[in-house]
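Proteins get letters first, then strands, A, B, ... in listed order; numbering begins at 1 in each. Below, all heavy atoms of this structure are taken into account, side chains as well, without hydrogens, waters or symmetry copies.
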Amino acid sequence: MPMLSLKLPDGSVRQVPAGTRPREVAESIGKRLAQAAVAAKVNGEIVDLDRELKEDAEFALLTDKDKDSLDVLRHSSAHIMARAVMRLFPGTELAFGPTTDTGFYYDIHSPTPIREEDFPRIEEEMAKIVKAAEPFERFEKSVPEGRQLIGDLKQRLKVEHIDESLGQSHETISFYRQGEFIDLCRGPHIPHAGKVGAFKLLAIAGAYWKNDAKRQQLQRLYGTAFFDKKELDAYLKQIEEAKKRDHRVLGRQLKLFTISQVAGQGMILWMPKGAIVRGLLESFIKDELVKRGYLPVYTPHIGNLNLYRTSGHFPYYQDAQFPPMYFNPTVQTVDTWYTLLEKKLLTDEQEKAFLETIRAVSEGKNPDDPDQEFPRFTVGEMKLDARALWLEYQEAKDRDAKLKVLKDWMSGQEGYLLKPMNCPHHIQIFKATPHSYRDLPIRLAEFGTVYRFEQSGELGGMTRVRGFTQDDAHLFLTPEQVEPQLRSEIELVLLVLKTLGLNEYRVRVSVREPGSDKYVGEPELWEKAEATLKSVVETVPGLNWSIGVGEAAFYGPKIDFIVKDCIGREWQLGTVQLDYNLPRRFELEYTGPDNKPHRPVMIHRAPFGSLERFTGILIENFAGSFPLWLAPEQVRVLTISEKSEAYGREIEAKLRAEGFRVASDYRSEKIGAKVREASVEKVPYMIVVGEKDLAAGTVSLRDRVADKETRDQKLDDVIARLREEVATKAIRSATT
RNA sequence: GCCAGCUUAGCUCAGCGGUAGAGCAACGGUUUUGUAAACCGUUGGUCGUGGGUUCAAUUCCCACAGCUGGCUCCA
């Protein structure tokens, strides 16, 4: 029998016969190891303990101490959950059941939907399976045989998956059996269910089959599992703690922002304290921009529809925008008409009614009340407009021709859009004056508020909203200026993240999805832009980046900076985007050294991204305890008793004169209560004064972050200390 | 938009087929205090909105809205 060499982690080499299983290697090393082993790592691939070894390999046994083992355990836990569900909900069809960073899920379709109240009995059933500690057994079948097997088990989705992908890419497919439960699965698995020390079902949610919104919606059951109950408890506690950092909770508690159902969902109302934080962030970035040669501009909140027709925003994102505002109210009617016709829902009677309305309008009548002129303010123009529509529609021969008449008429109507992006406006500013190559780069910056009609199910807190302000800028450059400017933009984003203590982020170079029609412009320009971005990120030292296929904007690729919120969701903050397309669409030009017109390149960039989202993430990053330079209330003066109120007021006035954001508490509460309240409200420093201080001309400084008091201080020394902390933008926030 | 759950005082939450309760907050008083909660009292709710069942609905049913988690989307 041929022998294999296994190189173990300690560097030793072990000779074993081909076909030996990791379990046997473990047993030969020691009984304890054999018992503790969960899986094996063979040339970097994690495999079952029962998988036969076929070639020389770097070999390691994984126990519950290894990070990789947890993943194996959780995948097996997903099977155990699925098995329990199959027992309790006969007829359940299984889809995919992978692991996540913190647990696992299984997508299923059950004839009777599963609800949260079913969790206890599912968990009970899972506990039985764990207790029985049956092994997970792997076996392989040819594609047709495997398809037959899983089809016999009435697993329609698994059959579909074999037909759509596995069958094409694989010769054989693997299954795992555990007792009565058989699942199509790549593995690997733990040796037996008894290895699962603790588990819990966490949530239930909808998910589309193969992540496709056009396909069947399944139920996704989330859970987590650990080797040890203590680890599960620690994890659950950590989730509880994280929830306390939630910016929606802290935003309310600390009176930073509110969202009113009355004002509109997805609209952030910045309360005075939140407005202070935002204002300081704006000043901070504005100072940096001025240093870097940016030119501040202002543009309005709405723009003519034609602007966005040219830029492409209106056609590309119409569904995600607030509806356009038309002067001619008949457009709404025609839009409804168009939609019905397009979806083939228009009945003959409806069509007749629409035409009748248009006829009435074209004659300047209110269709509901022919005695009234309608509408008076634009009736002259509308007469002409609507009459043309009325005549042309009747001449249209087929559905396509009718659609065209309606569409052409609508696009001739003057309308405005709440601006979804600032770039078209900035482009108009660029176009307003001629430019020489000597003037470039031109950098136009604005805190531009934009509005997007995000799907209702997406809205939440400050991270996904319908109106937000970008720290936006658009740069117009010569092709040679692109690379150095991109580098400088990345450095600016990194400066922002570093200054605000956001140290955990990932960088994504977002490129096109090949073969998709979502993008404008020639492929050569895209290739050039994508290559440029990649070559730039490569030269930034220590940048941890990856490619995001299909994440590009419709006009160009981008570099996105992504952070996680308190419950682990990822959000894009800063972005740097390269654009060869809008300069074309808007026919931008500058005069080159050859005295001929040249086309500039554009960079769109926003280091914060959205001030709403950034602030939300920042609240969570600091757990509401902002560094001194950002704290809405920096110092609170507390008096021991009402006897020292006058002295307290004197101190307060001095601090205010020095430029600090200071508040006071002169109530007849005990000092302990005042300290507690200031602490709960996350005021970084408290100055406590009593009669002794009055006599000695001193103050007592309490540092909330260090949770320490220092008595008998001179106010001037305290001021110097706080001033220094503000000037350096020091981050010393507590995590509570 | 889709799936599931939730919605009771400003906040956190209890409650129930017979027209509501706690703690904190707010307000008034007592207290004059040395570093994370003094004491007493008072106010506060068309129980998310609309409809239905019922002698009677905050409670049961339906619809809608909003919120939460996830999916899809995200210029």
Please classify the nucleic acid contact of A213(A) as base, sugar-phosphate, or nothing, using heavy-atom distances under 4.0 Å. sugar-phosphate
So, K558(A) and Q572(A): side-chain donor and acceptor under 3.5 Å apart, yes or no? yes
Answer yes if the ring centres of F608(A) and F614(A) are under 6.0 angstrom apart, and no otherwise. yes
Among K255(A), R704(A), R636(A), which one satisfies salt bridge (charged side-chain N to carboxylate O under 4.0 Å, His left out) with E681(A)? R636(A)
Just checking R711(A): base, sugar-phosphate only, or nothing, at a heavy-atom cut-off of under 4.0 Å? base
Rounding to the closest angstrom, what is the interatomic distance between U7(B) and U49(B) at atom P? 13 Å
Y317(A) stacking on A75(B): centroids under 5.5 Å, ring planes under 30°? yes
Quickly work out the R252(A) CZ to A25(B) C1' distance and round it to whole Å. 14 Å
How would nucleotides 37-45 of chain B be written as a contact map, 5' to 3', with B for base contact, S for sugar-phosphate-only contact and - for no contact, using protein heavy atoms under 4.0 Å? BB-------
Donor/acceptor link under 3.5 angstrom from R464(A) side chain onto base of C74(B): yes
Answer yes if the ring centres of W526(A) and Y580(A) are under 6.0 angstrom apart, and no otherwise. no
Euclidean distance for C1', G51(B) against U68(B) (whole angstrom): 26 Å
What interatomic distance, in whole Å, is found between P of A22(B) and the corresponding atom of A4(B)? 37 Å
Classify the side-chain pair S664(A)/E652(A) by whether it contains a donor and acceptor separated by less than 3.5 Å. yes
With rounding to whole Å, what would you report as the distance between A14(B) and G28(B) at their C1' atoms? 28 Å
Side chains of T224(A) and L202(A): does their closest heavy-atom pair fall under 4.5 Å? yes
Under 4.0 Å, heavy atoms only, any strand: does K214(A) hit a base, just the sugar-phosphate, or nothing? nothing
Taking any heavy-atom pair under 4.0 Å as a contact, classify Q265(A): base, sugar-phosphate, or nothing. sugar-phosphate
Euclidean distance for P, G29(B) against A36(B) (whole angstrom): 28 Å
When the C1' atoms of C39(B) and U31(B) are compared, how many Å lie between them, rounded to an integer? 8 Å
Under 4.0 angstrom, heavy atoms only, what part of the nucleic acid is R466(A) near: base, sugar-phosphate, or nothing? nothing
Using the C1' atom on both, measure C61(B) against U43(B) and round to a whole Å. 37 Å
Considering every strand and a 4.0 Å limit on heavy-atom distances, what is the contact class for I640(A): base, sugar-phosphate, or nothing? base
Neighbour count above 12 (heavy atom, 6.0 Å) for K670(A) NZ: no
Does the base of G34(B) carry an N or O that pairs as donor and acceptor with the side chain of D693(A) under 3.5 Å? yes
Determine the stems involving RNA chain B; a stem requires 3 or more consecutive pairs of the Watson-Crick or G-U wobble kind, each with both distances below 3.5 Å, and the answer is none if no such run exists. B:1-7 with B:65-71, B:10-13 with B:21-24, B:26-30 with B:38-42, B:48-52 with B:60-64
Centres of the H426(A) and F476(A) rings: under 6.0 Å? no
Any chance the rings of Y555(A) and H604(A) have centres within less than 6.0 Å? yes
Centroid separation under 6.0 Å, is that true for the rings of Y685(A) and F660(A)? no
Inter-nucleotide P distance (G5(B), C60(B)), Å rounded: 14 Å
